[in-house]
Structure formats: structure tokens, C-alpha cells
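The sequence lines fix the lettering, A, B, ..., with proteins before strands; numbering per chain opens at 1. Since this is a predicted model, take the numbers as computed values, not measurements.
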Number of protein chains: 2
Amino acid sequence: MASTPNKRTGRRIRSVEIAFTILDAIRANEATSVTELADELGHSKSTIHSHLRTLESQEIIVRQDDGYRLSLQLLDMANDVREQVANYEVIVDEVDKLASETGEIAHFGLEEHGKVAYLYKAMGTQAVETVSRPGGKQPMYSTSLGKAILAFLPADRRREILDHVSFAPKTPKTITDPERFADELDVITDQRYAIDDEENIEGLRCVAAPVKNENTVLGAVSVSGPVSRSTDEVLHGELAESVQRTANVIELNTKFS
Amino acid sequence: MASTPNKRTGRRIRSVEIAFTILDAIRANEATSVTELADELGHSKSTIHSHLRTLESQEIIVRQDDGYRLSLQLLDMANDVREQVANYEVIVDEVDKLASETGEIAHFGLEEHGKVAYLYKAMGTQAVETVSRPGGKQPMYSTSLGKAILAFLPADRRREILDHVSFAPKTPKTITDPERFADELDVITDQRYAIDDEENIEGLRCVAAPVKNENTVLGAVSVSGPVSRSTDEVLHGELAESVQRTANVIELNTKFS
DNA sequence: GTCGTCATTCCCGTCTCGCGAACGGAGGTT
DNA sequence: AACCTCCGTTCGCGAGACGGGAATGACGAC
């Protein structure tokens with residue numbers, strides 16, 4: 001609730017919001033039975049009940065012993081998501097290559113609702129463990145991916161995002177001053193790659209390059225490594241070069257739809 | 001609409017049903033703008049509009065040029081689905097092994113809403129192309145996975161499923177006679193594996209073995225190959241043995257929750 | 001048998017939601 | 001430029017859907 005991006009106006013459908021609240025609870029395994037959900041979410045049992053019935057008839061959730069879980073239809077929807085994102089196959093190929101070349105973790109991310117969402121992740125042989133996973137979201141201002149995307153987004157869209165973002169520090173190094181952040185974006189626009197120097201996760205440094213398409217940005221590619229291996233020289237040198245090369249290959253293989 | 005499984009009674013929330021109808025349309029890329037959706041689904045533009053707003057504020061869908069697409073949050077939900085299914089990691093490992101041992105396609109599937117849903121799929125080196133994908137659904141009566149599961153499901157659940165299923169032929173060889181199907185299930189219960197002899201897809205034969213858990217069935221493992229390679233001898237011999245062995249390994253590694 | 005817990009059902013009153021129409025803005029055509 | 005068309009968006013209204021609360025069932029435990 002801390003961030004309030006994209007607070008568009010217009011009518012919302014309350015029942016649908018309730019349905020997704022229930023879905024979230026089931027998703028998180030917080031509660032999975034009628035009574036639990038009713039307590040947890042502050043609705044009457046009958047309300048929860050009819051919503052569960054509806055979700056079940058839509059084959060979104062499934063009964064399992066005592067309670068509900070998400071149905072495999074969501075896996076199917078995930079397939080559709082990948083199909084709807086431009087050039088998913090190319091991205092997978094190239095990010096895989098990038099990860100094996102560098103040995104580190106490589107990501108592809110794109111902007112959604114004012115945050116960066118990971119589309120794909122590949123682990124190199126010496127990659128450090130991270131908690132990121134496809135579909136996961138991170139702030140734009142504290143990640144190399146986010147900064148790379150922001151720097152090359154059309155000005156109006158960038159403004160819209162920045163207007164709605166609240167700079168909450170993720171680590172001591174997170175940039176929280178809007179002015180300093182604007183300067184950072186200028187640097188990125190010039191050098192054509194972005195750095196995350198432990199701004200999102202302590203001990204982790206990343207480089208990212210934007211993948212552009214005509215006059216906008218599809219997303220960005222990044223490589224992340226532990227501070228120990230990721231000296232300034234390596235980051236700004238070979239890694240920056242690698243992500244830019246990868247980004248270019250993806251751009252070239254992009255089929256404009 | 002042909003099949004009407006799990007038609008449970010009870011109140012449904014209309015708005016939520018509408019929301020998912022819209023989501024389905026976006027999913028299928030049938031229509032992605034307000035007017036298109038309104039025409040396609042037979043609702044007023046204002047109705048579609050407020051639903052889209054709601055789905056967008058829930059970060060389920062995303063604006064893209066002119067129209068909407070599914071958001072990457074669905075990938076995140078897919079991750080949760082995998083976590084909620086018992087022993088996903090074990091299944092992946094063993095199905096991978098099975099595919100590489102046999103060289104064919106291997107699947108793990110489980111029953112949901114009276115159909116088989118694929119949880120995971122691995123391709124061997126000489127695997128034929130199929131259209132199956134994780135999350136996809138197939139009838140239980142025409143697939144080896146479905147039959148293997150059905151044969152070992154508790155009697156009441158099996159009855160419930162069979163009562164709601166309509167045997168529509170998928171190929172000329174599909175079993176459509178309930179009595180013959182009951183006999184088939186008896187055979188399967190005896191031999192502890194199920195065969196699909198081009199009953200679901202022409203040119204494709206499969207063997208499946210159930211993965212059991214205490215007194216119920218978690219799902220089933222299968223191997224699928226082209227008729228050319230899948231002689232009776234191979235199917236009932238080495239392949240049947242392989243799927244049973246894999247099923248057993250998964251059972252043994254199952255952590256009872 | 002009795003109690004407790006949970007899912008399910010029923011009814012009621014309110015406010016939501018879907019509709020149709022009107023508005024406004026962006027292109028296109030003349 | 002003026003006009004038209006095609007969108008997305010907004011508004012107001014009336015029907016009926018939806019959420020709440022309480023009663024009913026179903027099931028187990030003790």
C-alpha cells in the first residue's frame with residue numbers, strides 16, 4: 001500500500017475486487033477455507049462462499065482436502081502471457097547466452113504498472129542465489145533494469161511513472177532524492193547502460209541495457225553479480241559491453257508487430 | 001459447453017463471471033479494446049470499461065498500445081501454483097529422467113474439474129511434436145494419464161466424474177461406450193498402468209502409471225510416442241515398466257503434508 | 001449422545017452494477 | 001478548416017445482484 005502508482009480514476013467493480021482479494025489469500029496460502037477466509041478478509045462466510053463457488057466454476061481454483069488451491073489453468077494463462085509478450089523466444093535464447101557467457105544471473109524485465117517485472121531469468125554457472133523469479137516485481141528506481149527502461153521511455157510516460165512513485169529506500173545505497181535520480185537518468189541516457197550498485201539488494205551489483213523498439217522501450221537486459229566479483233572495472237567494462245551486445249541482438253531479432 | 005462437469009449448485013457472482021469472460025477474450029487475443037470486447041462479449045462499452053479498469057488496478061492486465069494484454073503477474077501466480085502442488089521439484093526431476101531415458105515425451109498430469117491437466121512436460125531427444133503444454137487440459141477418458149488416474153481414484157470421486165462426463169470421440173479409436181470404458185478401467189486397475197492407443201490424438205500412443213498417495217491419487221506419469229516406434233511390445237514392455245518405475249520413485253519421494 | 005466446528009442455504013435490504021446515451025478527443029477525408 | 005467517424009470515457013438511472021446475518025446441515029470428537 002505504500003506505493004500508489006497508476007491510481008487511475010473511474011469506476012471499479014467491487015465484487016471483482018473482492019474476488020481477487022480472495023484469490024490473493026489463496027495464492028499466499030494464508031487461508032484456504034471458507035471460515036478462515038471470512039475471518040482473514042473481513043467478509044461474511046456467505047460472501048466468501050459464493051465467491052469461492054464462482055472461482056471454482058471458472059476453474060481458477062480447485063478444492064483440495066480441506067481448502068482450496070490455485071488451479072493449473074493459471075499455468076496455461078502464463079503460457080498465453082509469454083505468447084503475448086513480443087519476441088519471448090528470442091529473449092530466452094539471448095538471456096541464456098548472456099548468463100552462460102558471464103556466468104552470472106541474467107534477467108530480462110519490462111515495465112508494468114510503474115514497476116519492473118521480470119519476464120525471464122537465467123542462471124550462469126557461478127550465479128549467486130537471488131529471490132527474483134519470473135513475474136516478480138521490483139521498484140524501477142532501485143534496479144538497473146528499471147533505470148535503464150526509465151531512461152529511454154518516452155518523456156510523458158516517464159513523467160507519469162515518476163510522478164506516482166515514492167522513493168522508499170531498499171538499502172542504504174538506494175537513491176531516494178528525485179533530483180539525484182534525474183541526474184542518474186541523464187548519465188544512463190548518455191552511456192546507454194545503467195548500474196545498480198547495491199541499491200536494491202545489499203551485496204549485489206547489476207548492469208542493464210535497454211532493448212529499444214522504434215520510439216519506445218520493450219524492456220531491458222541485466223547481469224547481476226556479487227560485489228566481490230563485480231568491480232567497477234568489470235561492471236563498466238566487460239559486463240556493460242555484454243548486456244549492450246545482448247540488447248542489440250534482441251533488438252535486431254525483434255519482429256515489429 | 002459440450003461438457004458439464006462439476007456443475008455444483010450455489011450462487012455465482014455475475015460480475016466476477018463477466019470479469020473472467022473478459023480475461024478469457026484478452027487471453028485469446030480475440031479482442032483487446034473496449035469496443036471490440038463490448039461487441040464480442042455482448043456487453044455495453046461502459047460495463048467493459050469499468051471491468052477493464054478494475055482488472056488493470058488489480059494489475060492483472062496491462063495497457064499496450066491500443067488494447068490490453070495479460071500482465072506478468074500471471075507468471076508470478078504460476079509460480080505459486082507450482083509451489084502449491086505437492087512435490088513439484090521431485091516430479092520435474094523424475095519426468096526429466098523419464099524423458100531422457102526413453103527419448104520420448106513424458107508428462108505428469110493430475111485431475112482437475114473432471115479433466116486431466118498437464119503439470120509438467122519433458123521432451124526426449126526423439127520426441128514428437130505435440131501441442132500439449134503445462135496447464136493444458138484433456139479429457140480423462142481418451143488419455144492414458146486420465147485413465148490411470150481414474151482407475152485409482154476413490155470410488156465416489158470416480159463416480160462423480162464419470163457421471164458428469166460426456167464421451168465425445170477425439171479420434172476414431174476413442175472409447176465412447178461407458179460400459180467398455182468401465183471394463184478398460186478394470187484392466188488398468190489390474191495391470192497398474194494405462195494405455196492410450198491413438199484414442200486422443202491420431203498417430204500417438206501413450207502409457208501412463210498412477211502416482212498414489214495413501215488412499216488417493218496425486219496424478220500420473222506418461223510417455224508418448226508415435227505409432228511407428230510404439231509397438232505393443234514396446235508399450236506394454238519397457239515403456240510400461242519405465243513409467244511405473246518413475247511413478248514409484250515419485251511416490252517414495254513424496255513428502256506427506 | 002452432545003457439543004463444537006465448518007460448509008451451505010435462505011432471506012432481506014441496500015447499494016452496486018450494467019445499461020444507454022451523451023460527451024470529448026483524435027484522426028481522416030473533403 | 002470544417003465536417004465526420006470512431007474511439008474511450010463519463011453520467012444518471014433503475015433493476016436486481018450482492019453482502020450480511022442467522023438458520024440449517026453435515027461431520028467429528030469426546
Side-chain angles (χ1 to χ4, degrees), chain A residues 6-26 29-58 60-69 113 154 156-157 160 214-216, chain B residues 6-26 29-58 60-69 113 154-157 159-160 214-216:
Chain A
N6 291 39
K7 253 285 152 43
R8 314 266 314 279
T9 57
R11 187 156 59 169
R12 307 290 156 82
I13 311 293
R14 197 161 106 90
S15 330
V16 176
E17 290 182 333
I18 294 177
F20 279 103
T21 311
I22 294 175
L23 210 53
D24 279 343
I26 293 178
N29 264 311
E30 285 171 7
T32 59
S33 69
V34 176
T35 310
E36 283 172 358
L37 285 164
D39 290 346
E40 174 84 17
L41 305 176
H43 290 286
S44 73
K45 285 199 293 179
S46 54
T47 301
I48 300 290
H49 184 71
S50 44
H51 272 279
L52 287 175
R53 274 286 169 72
T54 309
L55 291 172
E56 194 186 3
S57 76
Q58 295 295 320
I60 295 296
I61 62 175
V62 169
R63 270 203 134 83
Q64 192 162 54
D65 20 86
D66 283 352
Y68 290 86
R69 66 162 174 80
H113 299 285
D156 51 350
R157 179 85 187 114
E160 194 186 335
E214 317 220 24
N215 44 12
T216 184
Chain B
N6 290 40
K7 253 285 153 43
R8 313 271 311 280
T9 57
R11 189 158 57 171
R12 309 289 155 81
I13 310 294
R14 195 161 106 92
S15 328
V16 177
E17 291 183 334
I18 294 176
F20 279 104
T21 310
I22 294 174
L23 210 54
D24 279 342
I26 293 178
N29 263 311
E30 284 172 6
T32 59
S33 70
V34 176
T35 308
E36 282 172 359
L37 285 165
D39 290 346
E40 174 84 16
L41 305 176
H43 290 286
S44 73
K45 284 198 296 177
S46 52
T47 299
I48 299 291
H49 184 70
S50 45
H51 273 280
L52 287 175
R53 274 284 169 74
T54 309
L55 291 172
E56 194 185 3
S57 75
Q58 295 293 321
I60 297 294
I61 61 174
V62 170
R63 270 203 136 83
Q64 191 162 54
D65 22 85
D66 281 352
Y68 291 85
R69 65 161 175 81
H113 300 285
D156 52 349
R157 179 87 187 110
R159 173 57 46 95
E160 194 186 338
E214 316 220 24
N215 45 12
T216 185

*Asks:* Which residue lies toward the 5' end of DNA chain C, B:V16 or A:S33, if each is placed at its nearest nucleotide?
*Replies:* A:S33
*Asks:* Say you draw a straight line from CD1 of A:I61 to CD1 of A:I22; how long is it, rounded to the nearest 0.5 Å?
*Replies:* 8.0 Å
*Asks:* So, taking the atom named CG in A:L52 and the one named CD1 in A:I26, what distance separates them when rounded to the nearest 0.5 Å?
*Replies:* 5.5 Å
*Asks:* In chain order, what residues pass the side chain to side chain donor-acceptor pair (under 3.5 Å) check against A:S50, with sequence neighbours excluded?
*Replies:* none
*Asks:* Does a nitrogen or oxygen in the side chain of A:S15 sit under 4.0 Å from OP1 or OP2 of C:dT16?
*Replies:* no
*Asks:* To the nearest 10 degrees, how far apart in direction are the end axes of the helix from C:dG1-D:dC30 to C:dT30-D:dA1, each fit to five base pairs?
*Replies:* 40°
*Asks:* Give a yes/no answer on whether the side chain of B:H49 brings an N or O atom under 4.0 Å of OP1 or OP2 in D:dT9.
*Replies:* yes
*Asks:* Describe the nucleic acid contact of A:S50 in one word from base, sugar-phosphate, nothing, applying a heavy-atom distance below 4.0 Å.
*Replies:* nothing
*Asks:* Does a side-chain N or O from A:R11 land closer than 4.0 Å to OP1 or OP2 of C:dC19, or not?
*Replies:* no
*Asks:* Would you call A:R14 and A:E17 a salt bridge, taking side-chain N to carboxylate O under 4.0 Å as the test?
*Replies:* no
*Asks:* Report yes if a side-chain nitrogen or oxygen of B:H51 is closer than 4.0 Å to either non-bridging phosphate oxygen (OP1 or OP2) of C:dG18; otherwise report no.
*Replies:* yes
*Asks:* At a heavy-atom distance below 4.0 Å, what parts of residues 40-47 of chain B sit against DNA chain D?
*Replies:* B:K45, B:S46
*Asks:* Quick check for you: to the nearest 0.5 Å, what is the distance between B:E56 atom CD and A:H113 atom NE2?
*Replies:* 6.0 Å
*Asks:* When you measure from the side-chain N and O atoms of B:T35 to the phosphate of D:dC6, is any distance below 4.0 Å, counting only OP1 and OP2?
*Replies:* no
*Asks:* Enumerate, atom names and distances included, each donor-acceptor pair closer than 3.5 Å involving a side-chain atom of residues 35-43 of chain A, sequence neighbours excluded.
*Replies:*
residue, atom, partner, partner atom, Å
A:E36, OE1, A:T32, N, 3.0
A:E36, OE1, A:S33, N, 3.4

*Asks:* Tabulated below should be each protein N or O lying under 3.5 Å from an N or O of nucleotides 24-30 of chain D; please produce it.
*Replies:*
none

*Asks:* Mind checking side chain to side chain donor-acceptor pair (under 3.5 Å) for B:T21 and listing every partner two or more places apart, or none if nothing turns up?
*Replies:* none
*Asks:* So which one's nearest nucleotide on DNA chain C is more toward 5', A:V34 or B:I18?
*Replies:* A:V34
*Asks:* OP1 or OP2 of C:dT16 versus the side-chain N and O atoms of A:R12: is any pair under 4.0 Å?
*Replies:* no
*Asks:* Side chains of B:L55 and B:Y68, heavy atoms from C-beta outward: is any pair under 4.5 Å?
*Replies:* no
*Asks:* Atom OG in B:S44, atom NE2 in B:H49: separation rounded to 0.5 Å?
*Replies:* 11.0 Å
*Asks:* Do the side chains of A:H51 and A:S15 get nearer than 4.5 Å, heavy atoms only?
*Replies:* yes
*Asks:* Which whole-number value in Å describes the distance from B:I48 CD1 to C:dG18 C1'?
*Replies:* 10 Å
*Asks:* Mind calculating the distance between CD (B:E17) and P (C:dC17) to the nearest angstrom?
*Replies:* 14 Å
*Asks:* Rounded to the Å, how far apart are B:R14 CZ and D:dG19 P?
*Replies:* 14 Å
*Asks:* Counting only side-chain heavy atoms from C-beta out, which of D:dT9, C:dG18, D:dG8 sits nearest to B:R53?
*Replies:* D:dT9
*Asks:* Just jot down the side chain to side chain donor-acceptor pair (under 3.5 Å) partners of A:T216, sequence neighbours excluded, or say none.
*Replies:* none
*Asks:* Over all heavy atoms of both residues, which pair between A:R12 and B:T54 is shortest? Give the atoms and the distance, please.
*Replies:* CA-OG1, 3.4 Å
*Asks:* Specify the separation, in whole Å, of atom CG of A:D39 and atom C1' of C:dA7.
*Replies:* 14 Å
*Asks:* Quickly work out the A:L37 CG to D:dG19 C1' distance and round it to whole Å.
*Replies:* 16 Å
*Asks:* When the distance from CG of B:L52 to P of C:dG18 is rounded to whole Å, what number comes out?
*Replies:* 12 Å
*Asks:* CG of B:D66 versus P of D:dC6: gap in Å, rounded?
*Replies:* 16 Å
